[in-house]
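Whatever order the structure lists ligands and atoms in, that order sets their numbers, starting from 1.
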Amino acid sequence: MSTSLPALLELLAGDLSPGGVVSGADISERHHSDWTRQGPCPPLAVLRPRTTEEVSRVLRRCNAVSQPVVVQGGLTGLAGGATPRPGEIALSLERLVGIEEVDTSGGTMRVLAGTPLGVVQDTAERHGLQFPLDLGARGSCSIGGNISTNAGGNRVIRYGMTRALVLGLEAVLADGTVVSSLNAMLKNNAGYDLKQLFVGTEGTLGVVTRAVLRLYPLPGERLTAFVATDSFEALVKLLAAARATLGGQLSSFEVMWSDYYEYALEQLAVSNRPFGVRHPHYALIEVEALDPAHDTERLGDFLARLLGEGVAADAVLARSLDEAARLWRVRDAAGELIPRLPNPVAYDISLPIAAMPDYVERITREGAALLRGRPAFIFGHLGDGNLHVISSLHSYADLAAYDGIVYGALAGIGSVSAEHGIGVLKRKWLGLSRQPDEIALMRSLKAALDPRGILNPGRVI
Ligand code: ZN
């Protein structure tokens, strides 16, 4: 790079509105890492554009001098993708916020990428609609980050991943070109669906700046049931029965193994337990009620039948929003509980439901010597074939060996990332889930869209 950093920052400051460049001691520690807190590193500077035009100008400038850039949204990622690496400038979208339009007849919303997911959800609800993407980090994560990582969350079983909720996008390429593909139509087969280049590619092919999102009708009420089972087989039967009986109204089927559940209760100081005794598995079931009174009765009948058949060992139906929130709190707390563990590691894997019991048994057995009594908490989205494993290592020196156990057991059957993405932390395991020709095609796309490799270098591929 021929331009010195102070000279480059001065030029960048001229490209941005006031307060657009933060450098040196003024950079908040928040920008040093994502939620994993692994390998924190201060960026050379933080750029804070207010408009797409400003994003375009600073990328053109950085590209001209091959200055690497790490893109940052709400910094709630769990794959290290937004954590700066030495020599990178952070491009933060925290000032690129706002809802531009809500079309209630078409069921769409146009938003700027830095807008927090919670704001998108609340705005949709104020218009009598819902944006169904939902995850524990809703208050902090940004919609641009959700799109870049193709976030999943709690309602994938009903509405699909973020990809299914994005109709159009605007993105800025590494050289500053603005690609505006702000389609708001449900059907549009006119040529390549370019927005998919930027959904789930973790900011390696372009920076998402705007999106047109798909909204759905707001249900009359969300009903929550909490069910215990005494075996994994019963849990799978419960899922099948819920799908068959509750159909399209089933919006969540979240599961927790008892070790996670007990740890969360203890950490959150929850005293009133719904059940008297401990069970090996728990499921949180959410139903979107159209007619709350009728659907509550139907869900109650469903639970009574499964209790009668011995599939459910115990069950409760939340009688108020408050009760439902208390039940969800334990599941939602996962993100905040991770940093409370010494040397935490979090996994996000995908595999066929039928393979789960053997998989869990295998990583428990093979991991025992490394964990030596430390926990391996398991919970996740059973209906999506997606489990999360959270462990606490004695030392990060054991990380590669433990990764090898958790990922190695997936070879040939599953994916090393179901919903969090590859980032930096899972890059060396990508080959377990993707064929060499697939990775070669990913590299071709990267070379075509970002020939100088300035956007999120070292992430994904
Ligand atoms: Zn998840």
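Side-chain rings of Phe275 and Phe226 approach one another, their centers coming within less than 6.0 Å. Taking the centre of each ring, Tyr261 and Phe379 stay at or above the 6.0 Å mark. Remark: aromatic rings of Trp257 and Phe232 are close, center separation under 6.0 Å.
Listing protein N, O or S atoms at distances below 2.8 Å from the Zn ion (ligand 1), with waters left out, gives His381 NE2, His388 NE2, Glu419 OE2.
Judged by distance alone, the side chains of Thr52 and Arg210 do bring a donor and an acceptor atom under 3.5 Å apart.
Under the side-chain hydrogen bond (donor to acceptor under 3.5 Å, both in side chains) criterion, Thr204 pairs with no residue at all, not counting sequence neighbours.
Salt bridge status for Arg30 with Glu94: present, with a side-chain N to carboxylate O gap under 4.0 Å.
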